[in-house]
Amino acid sequence: METFFVTIIIALIVAKFMNDYKPKIYSLNTVISVKEENNPLFSTGTNIAFNWGEQVML
């Protein structure tokens, strides 16, 4: 039973070491460019609510 806990502790230490010192291979870069200030398809009175499914009128 003691060897089980020792094995778990060693595995956690190794996992922590690997996560801390392994180089990160992912990154995220975002560039947003806006060319037009006014959008002819969207105005202040445009309703952006979408009805999903079928409406039942009584």
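Note on F5 and I8: same hydrophobic cluster, where clusters join Ile, Leu, Val, Met, Phe, Trp and Tyr whose side-chain heavy atoms are under 4.5 Å apart, directly or indirectly.
Taking the side chain as every heavy atom from C-beta outward, V31 and N29 never approach each other to under 4.5 Å.
In the hydrophobic clustering, where aliphatic and aromatic side chains (Ile, Leu, Val, Met, Phe, Trp, Tyr) are joined below 4.5 Å either directly or transitively, F17 groups with Y21. The hydrophobic cluster containing I10 also includes V6, V14, M18, under a criterion of side-chain heavy atoms closer than 4.5 Å among ILVMFWY residues, counted directly or through chains of members.
For residues 2-18, the salt bridge (Lys or Arg N to Asp or Glu O under 4.0 Å) pairs, not counting sequence neighbours, are K16-D20.
In terms of heavy atoms, T3 sits closest to T7 at O-OG1, 2.7 Å.
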